[in-house]
Amino acid sequence: MLCLVGLLNGFAQEGQDLADEYFKKGEVEKAYTIYQKLIKPGANKQVMNRYVESAVKLDKIGDAEKVMRRLVKSDDKNPYVFLQAGILEESRKDSAKAEVYFNKAISVAGGNVNGLAELAQDFSERNKQAWSVKILKKAREQSKDPVAYAGELARLYGSLGQKENMVDELLQWGLIPGNRDNVQAILQDNLKENDQKMLETVLYRKVQESPNEMFYTEMLVWYLTQKKEFYKAFIQERALDKRLKLTGVRVYDLGAVALQNKDYKNAAAMFEYVAKEYPQGQLYPFARRLVIKAREEQVKNTYPVDNLEIRKLIADYQKMFQELGKNNRTLEALRSTANLYAFYLDEKDTAITILQLATEIGKTERTFIDRCKLDMGDIYLLKGEPWEATLLYSQVEKSQKEDLLGYEAKLRNARLHYYKGDFELSKEVLDILKQATSREIANDAGALSLLIMDNTGMDSSETAMKEYASIELMLFQNKVDSAALALNQMYAKYKDHSLADNILWLRANTLLKQNKTDEALQDLDKISANYGEDVLGDDALFLTAKTYEENRKDKTKAMELYNQLLQKYPGSIFGAEARKRFRALRGDIIN
């Protein structure tokens, strides 16, 4: 008897395989004939599904209806039978009868949570997402787990275009440990500009409803950070920090992100909060320094730089040293103080004395000592003592041979040769650095190498190139006004030289340092108009867009220019940043 059952099952499987083959080939009549023989109680889902599909395609709905009526009586514990019966009724435009069958399917599966989840998947595969939602909500209710099926429901709501419900379910799903990154990725992929306000509203509502649930605040802070609304993010982190007594760690981390994104004012406020609220905490000395560091960056990036503000910063560092001492915890503050003296107050000897003290205090920290040596090398270059500078750079090259700091030292040595007019030696070093692991160093090396290659060898004295390099040295030495005057004279003299676009480029950047935005934009426009196909074409367009965004606060013009760059220079190294800025201005959520 068992052999006979096995034989029959084998024949049934062979029959289904043949029917499936006909169905795939589009020979529906042949497939239907076989499926008709296979459709009986216990038939698998694919047989039922394709039997109904074949009947509809061949307009044999009446015959199929009779078969399904018999089947719902004899196989009345199988919810899939009722699902297919409902689909058949839908094909007859009888939506009321179809709904009866669909509800019956749910009723049959209703005693089993897993059965309901499987049925929801079946409905979804038949493009009946609204019914799938209804079924999964029933399954969640039975499971007594408020976050059950949240991921599946979010996907279904997304396919139905119900974005707010999708967000609600995603945030429920995110409460399950390990899901936060997935939630953020799905939001980025599915929400467009006009969904942003809705997302923000939902996040604020969730935070208010569950103020002690860190996940909701994390998500709101993540959203506000993507939008670069750091003050709003700070308010949320501060409230959470006070409520849950988190010792300022999260506020400190947010401050670091704001600092990285050049929101110096809000970064300073965050570090100040940490320092004020947790004076005995482990983060205190770091927060204390970074308050001043954030203000320092704000002063240094406000042109023209106010020397009185520089002296206030130094006074703040001095107060910090009085409080915390000059020790391993304040080494970076000593470096910052030295560089302020050297580059802004022209007190180079004072700066070197401070750095020598810092290296003595931090003598066990090899990397810190090497950073100080690079600083001292720069200061000797400011003093017009290139041999002392190259000696220090070379020491760091040797000490940090395979590390990023070693490549940085090598690049500074190459620049020093360039400033001195030793273009051949500079290019040799730069061509090695083009293979550096740091993209930033490799790009800088490549750009300077190309500049040298394009503008040397045309005359034995290389007069123009030496003039240009000397102006770059002036800018390094912070002699901005003298450099601007020299650039005006050089452009008048070499307007038709191969260096003309580089002169315009350097002058535009110098004018921006002098806060002469209109004149800078004029020079950038000249590069775009006359040298758009040359190497500085995309540089000029990107800086123009950035200037409209940051200096002019002209969002529309900036977006237009970023988009223009993406269209005109698809291979530009600024492409990724331009796309990111364009999306941020448009209101997208970005990483």
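The model shown is predicted, which means the values in this text are computed figures rather than measured ones. Sequential numbering from 1 along the given sequence is applied to the chain's residues.
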Report task. Keeping to residues at least two apart or across chains, list the salt bridge (Lys or Arg N to Asp or Glu O under 4.0 Å) pairs with something in residues 560-572. Result -> K557-E560
Requested in this report: Answer whether the closest heavy-atom distance between the side chains of W173 and Y149 falls below 4.5 Å.
Outcome: no
Query raised in the report: Is the NZ or CZ atom of R238 positioned over F234's six-membered ring, under 6.0 angstrom from the centre and within 45° of the axis?
Result: yes
Query raised in the report: Taking D94 for the side chain and E90 for the main chain, is one N or O donor matched with an acceptor at less than 3.5 Å?
Result: no
**Report entry** E200/K227 ion pair, N-O < 4.0 Å
**Finding:** no
Query - Y252 ring center near Y273 ring center (under 6.0 Å) - result: no
Report task. Tell me, yes or no, whether the heavy-atom count around Q282 atom CD, taken from other residues, nucleotides or ligands under 6.0 Å, exceeds 12. Result -> no
Query raised in the report: Are any of the side-chain nitrogens in E218 or R250 under 4.0 Å away from the carboxylate oxygens of its partner?
Result: yes
Report task. Report yes or no: does K206 contribute a side-chain atom to a donor-acceptor pair with the main-chain N or O of L171 at less than 3.5 Å? Result -> no
Query - Any donor-acceptor N/O pair, E365 side chain to T367 backbone, under 3.5 Å - result: no
Query raised in the report: Is D306 paired with R311 through a side-chain N to carboxylate O contact shorter than 4.0 Å?
Result: no
Query raised in the report: F321 ring centre to K326 NZ or CZ under 6.0 Å, with the angle to the axis within 45°?
Result: yes
Query - N/O donor-acceptor pair under 3.5 Å between S124 side chain and S132 backbone - result: no
